[in-house]
Amino acid sequence: MPNQLPSPLDQVFHALADPTRRGMVERLVRGPASVSELSRPLEMSLPAVLQHLQVLEASGLVRSEKAGRVRTCRIEPDTLRAAEAWVTGQRTAWESRLDRLGDYLARQGTDGHGTDGQGTDGQNTDDSQRGS
């Protein structure tokens, strides 16, 4: 549905799709940092850094507060955990599917339908090798 608003998880993955924002998240996982501390290693203008921070805040990954002239940013661990839970669920599902495929292929190899086109009695079972 093209007119549907992005889900919170969509916003998180959108925010993490950019390497600059991932770097900011990696830095904030170690502890709170001011905007100037976050911008120091980056080769971009302060307004560009602020735009990246806006995306991170809109996704819920980062929260910031201003005290005097200093804006301090912190990671929102619950939002990060939600993304981690989604990735873990996907990995678990795929591992289960691959395990089932491996079991199926192992059974195929032991019941005379190996992948080399030869049955257990040495007869060719691959139709493409038969002289039709």
Side-chain angles (χ1 to χ4, degrees):
M1 293 181 191
N3 292 333
Q4 190 176 16
L5 293 174
S7 74
L9 191 59
D10 291 338
Q11 290 178 312
V12 168
F13 285 116
H14 168 73
L16 293 173
D18 183 88
T20 298
R21 292 191 290 265
R22 284 194 307 271
M24 290 175 166
V25 168
E26 288 170 6
R27 167 54 189 89
L28 292 171
V29 165
R30 295 191 311 256
S34 69
V35 172
S36 62
E37 289 172 324
L38 288 173
S39 68
R40 200 169 292 133
L42 303 173
E43 295 182 16
M44 63 179 63
S45 68
L46 188 57
V49 170
L50 291 172
Q51 285 181 332
H52 283 294
L53 284 170
Q54 285 175 340
V55 173
L56 289 169
E57 286 190 70
S59 74
L61 283 167
V62 171
R63 178 173 43 95
S64 71
E65 52 196 30
K66 192 169 184 176
R69 299 182 76 180
V70 178
R71 179 165 293 282
T72 302
C73 302
R74 5 182 90 58
I75 199 76
E76 284 292 331
D78 289 342
T79 304
L80 204 52
R81 279 189 211 102
E84 179 185 19
W86 185 87
V87 170
T88 299
Q90 294 302 305
R91 183 180 60 235
T92 300
W94 277 103
E95 286 172 350
S96 174
R97 289 177 186 130
L98 290 172
D99 287 346
R100 287 195 319 264
L101 176 61
D103 292 345
Y104 172 78
L105 293 174
R107 284 192 310 274
Q108 291 299 99
T110 60
D111 70 0
H113 294 94
T115 58
D116 63 357
Q118 298 292 318
T120 54
D121 61 357
Q123 294 295 325
N124 189 344
T125 60
D126 185 357
D127 289 338
S128 67
Q129 298 295 320
R130 293 186 185 158
S132 320

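A quick note: this is a predicted structure, and the numbers were derived from the prediction, not measured.
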Looking at residues at least two apart in the chain, or sitting in another chain, which of them share a side-chain hydrogen bond (donor to acceptor under 3.5 Å, both in side chains) with Asp103?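 Result, side-chain hydrogen bond (donor to acceptor under 3.5 Å, both in side chains) vs Asp103: none returned.
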Could you pull out all residues at least two apart from Arg27 that satisfy side-chain hydrogen bond (donor to acceptor under 3.5 Å, both in side chains)?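 With sequence neighbours excluded, Arg27 shows a side-chain hydrogen bond (donor to acceptor under 3.5 Å, both in side chains) to no residue whatsoever.
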Is Leu101 reachable from Trp94 through a run of I, L, V, M, F, W or Y residues, each pair having side-chain heavy atoms under 4.5 Å apart?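 Shared cluster, no.
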Report the distance from atom CZ of Arg71 to atom CD of Glu37, rounding to the nearest 0.5 Å.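 Answer for the CZ-CD pair, Arg71 versus Glu37, is 14.5 Å.
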Rounded to the nearest 0.5 Å, what's the gap from NE2 on His14 to CD on Gln11? Could you check?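 Interatomic distance, His14 NE2 to Gln11 CD, rounded to 0.5 Å: 8.5 Å.
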Residue pair Ala17 / Arg22: nearest heavy atoms and the distance that separates them: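 Shortest heavy-atom contact: O-NH1, 3.1 Å.
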Can you check whether Ala15's main-chain N or O pairs, donor with acceptor, with Ser59's side chain at less than 3.5 Å?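 Flag not set: sc Ser59 to bb Ala15 has no pair under 3.5 Å.
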If only atom types and distance count, is the side chain of Thr92 paired as donor or acceptor with the main-chain N or O of Thr88 below 3.5 Å?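 Present.
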Cluster partners of Leu50, using ILVMFWY side-chain heavy atoms under 4.5 angstrom, listed by chain and number?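 Under the 4.5 Å side-chain rule, Leu50 groups with Val12, Leu16, Met24, Val25, Leu28, Val29, Val35, Leu38, Leu42, Met44, Leu46, Val49, Leu53, Leu56, Leu61, Val62, Ile75, Leu80.
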Do other residues, nucleotides or ligands put more than 12 heavy atoms under 6.0 Å from the CD atom of Glu95?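 Enclosed.
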